[in-house]
Structures are given as C-alpha cells and as structure tokens.
> 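Submitted below is the structure of interest, expressed as structure tokens.
The sequence lines fix the lettering, A, B, ..., with proteins before strands; numbering per chain opens at 1.
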Amino acid sequence: MTPSASDLLDWYARQRRVLPWRALPGQVADPYAVWLSEIMLQQTTVVTVMPYFERFLKRYPTVDALASAPLQDVLASWAGLGYYSRARNLHACAVLVSDRGGFPDTVAGLQALPGIGAYTARAIASIAFGVPVVPVDGNVERVTARLHAFETPLPAGRRALDQLASMLNDDPAAQAAPSDFTQALFDLGAGICTPRRPSCLMCPWRVSCRAHAGGEPARFPVKAPRKARPERHGVVFVLEDATGAIWLRHRPEQGLLGGMTELPGTSWQDRPVALSDAFSESPAEVTWKVAGQVKHVFTHFTLNLTVVRGAVENFRMLHNQPGFACPPHAIADQALPSVMRKCLAL
DNA sequence: GAGCCGTGGGC
DNA sequence: TGCCCAAGGCT
C-alpha cells in the first residue's frame, strides 16, 4: 500500500516541531537561516545545533555579514561543532552567495556551491524555495527502508533506496507542499520512526509500512558491519609564562581539524609515545610535569593524549617556534576544537 | 565505493 | 565501557 502524503501532512500540521530556523505556518522560510541550519545539522543533532545557530544568527545576521567576517572568526564561532571543513565551506559559500546577490533557487544551482551536496541542495530547494524534491538524509533513508522492509544492507543498497525515497514525491499532495512535506519527513524520522524503538502506534504511515507489518521495524535499515577503530597516541605541551599565557599554534588548513588552533604536541603514533622521546619535540627545554591523560574519539580513530605542562618566565626564547602566546582571557575566543579544550581543562 | 572528517549523548 | 547514532560532503 502506497503511503499517503496527505496523512503525513495532516499529522505534521498537528505535531510539527517549533525550531529556530523553521518558518511558522503561513510564513515564508528565510533561505539564509535554512542554509545555515542545514549545514550545521549535517551529522549533528538538533540539540547540539540549537545554541550554535542562535549565536551565529546574532553574530552574522545576514549572508553578507557572514561573508564579510574573517574566516578565523567563523572558525572560532564554530569551535566545538566538529567537521570543521563545514565552517570553511560555509564561509566560502557565503562569499559566493553574497557576490551573486542571493541564494540560487534550483537544486543544480545550490549543489554547485561549496559544502552543499545532493542532500542539502534538495533540502534547501524544497524548504526555502518550494521545489518538489525529496532530500534523502538518515531520517528519510530510515523511513523509506522501513516502508519497504528494504533488506539490502547499506551502503550497497543506497542507490536503490534513494530511488524508492524519490517515489514518495509521486503523490500530488506531496508536490503541492514541498516545504512541509520535507520537514514532515524529518519530524517523522526524528520523533516517530526513530532508530531504536520506533513509536509505530503513533505513526501516520503505519498501515503502509511493511516493516511494521513484519513486526521488527527497528531491524531496518539493514547496515553492513563497520571496521574497527584504530588507536593513536601523542603528547601535548601546555606551556605557560609568568602572566598565565599559553603557547598555541595553528593547524594546517587541510585535513583533520584543518585551520583550527591547537596545543603544540608530538605527531600521533600507532603506539604510546615515550615521554623521553616526546620532550625532544617540545617547544622549550623546561621541566615537564604530567598533568593527565585525555582520550578523544574521532570518527575513524581514538586518540590518547598525554598532557604535560611546563613554565617559562616569558616566551622570548620561542621567537623562532611556530605559534603564538594566548592570554588566559582570550582562550575562549580561540578556534580550539573540543579535544584541545579537554587538554586545557586538566 | 571507501576513507576521511568531530562531537556529545543514549543505552 | 563500547558502540551506535545525528537534517552529509569531498576526494
């Protein structure tokens, strides 16, 4: 049985979430707010995004304001949200959009912009510009896989699943309300058709759902087994001067934590680094004292850092080292990723 | 297609 | 505790 778009839209009219980036019923969505929220929400929960979104909108009220801001300010505002290439692409995209006088209103036009892929282009196009397309994110993937009791494991089955998801839009009622239909799918996935224990009895589509009929809805989508996560080890140095300032440095523009600020440290190895070896890479020849261990889980490896601290009278002796002195009151404004804030917290 | 790219929370 | 998950994109 084909799911009815009207049933979903009726449910959405009653149950829709109120979110800061979402237009109220009858209002027109702001493309800037929609775009900003979509970038932040990539692989990131609504609860995490909320305070960042509010802060960004206050600090950069328009896409022009964001385009005019220094990249380093944007990175500092983004610090803690993760996936920092998003922030770099966000800024680059703002510059392009500001130059052309506004966001493109087509899927192709949007997808040509940095940081906007197939999903985000369709999300912005449908939500902000009323283009009748179905963005396939984790929510839509899960809902669709359950509707069809789709057995092919992901990611191998993704193309076929995308095809099935796009068919949700065959219903004229869906095409008549692209913005609401997309957001209704999100709310359904987030609130009803949840990953672990879906609330099928409250679902407007349960009569059409083959996974519900089969009695094991949580089994879908089927996923291929994951690879093990390797471990890496390193030592970081917290070097303080007599005024309490800390010695920091910038990471390379590309790669992990690209463009962010960090504590100086050793390279990261597959095995624990002996302190005697680490000291040869330290920024200064002082007496180092172990402050503690920090364990931090990245997407594709676990990092174990030994944090050591030392003191110098001043940083004059470091004049030819890469890095800069950061007074205590300026730490909060640095583009320090969470892993580095953990180290400093010791 | 597969690997890289963060972080915090839930169970 | 370890694993999974969250409105993915880029190479």
> Using a heavy-atom cut-off of 4.0 Å across all strands, would you classify Gly80(A) as base, sugar-phosphate, or nothing?
sugar-phosphate
> Rounding to an integer number of Å, can you tell me how far Met40(A) CE sits from dG6(B) P?
16 Å
> In whole angstrom, give me the gap between the P atoms of dC5(B) and dA7(C).
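Nearest-Å result for dC5(B) against dA7(C) at atom P: 23 Å.
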> So, under a plain 3.5 Å distance rule, would you say the side chain of Thr44(A) forms a donor-acceptor pair with the base of dG8(C)?
no
> Assign Ser37(A) to base, sugar-phosphate, or nothing according to its heavy-atom contacts below 4.0 angstrom with the strands shown.
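No contact at all - Ser37(A) keeps every heavy atom at 4.0 Å or more from the nucleic acid.
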> When rounded to the nearest Å, what value does the distance between P atoms of dC4(C) and dG3(B) take?
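Approximately 15 Å lies between the P atom of dC4(C) and that of dG3(B).
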> May I ask you to say what Leu257(A) touches in the nucleic acid, namely base, sugar-phosphate or nothing, with a heavy-atom cut-off under 4.0 Å?
sugar-phosphate
> Base, sugar-phosphate or nothing for Pro135(A)? Non-hydrogen atoms, less than 4.0 Å.
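No contact.
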> Which heavy-atom pair separates Ala76(A) from Asp333(A) by the least distance, and what is that distance?
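In terms of heavy atoms, the two residues are closest at CB-O, 3.3 Å.
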> Heavy atoms under 4.0 Å, any strand shown: does Trp21(A) hit a base, just sugar-phosphate, or nothing?
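Base contact.
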> Rounded to the nearest angstrom, tell me the gap between atom CG in Leu113(A) and atom P in dG8(C).
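Checked: the CG to P distance equals 19 Å.
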> Could you report the tightest heavy-atom contact between Phe56(A) and Leu90(A), atom names first, then the distance?
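Shortest heavy-atom contact: CE2-CD2, 3.8 Å.
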> Please find the pair of heavy atoms, one from Phe315(A) and one from Leu239(A), that lie closest to each other, and give the distance.
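Scanning both residues, the minimum pair turns out to be CZ-O, 3.6 Å.
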> Which part of the nucleic acid does Arg159(A) contact within heavy-atom distance under 4.0 Å: base, sugar-phosphate only, or nothing?
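Arg159(A): no heavy atom of the nucleic acid under 4.0 Å.
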> Do the charged groups of Arg17(A) and Asp187(A) touch, with an N to O distance under 4.0 Å?
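Looking at Arg17(A) and Asp187(A), the cut-off is met.
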> For Ser338(A), which contact category applies under a 4.0 Å heavy-atom criterion: base, sugar-phosphate, or nothing?
sugar-phosphate
> Round to a whole Å and report the spacing from CG of Leu256(A) to P of dT7(B).
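Leu256(A) atom CG is separated from dT7(B) atom P by 8 Å.
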> So, does the side chain of Arg226(A) form a donor-acceptor pair with the base of dA2(B) at under 3.5 Å?
no
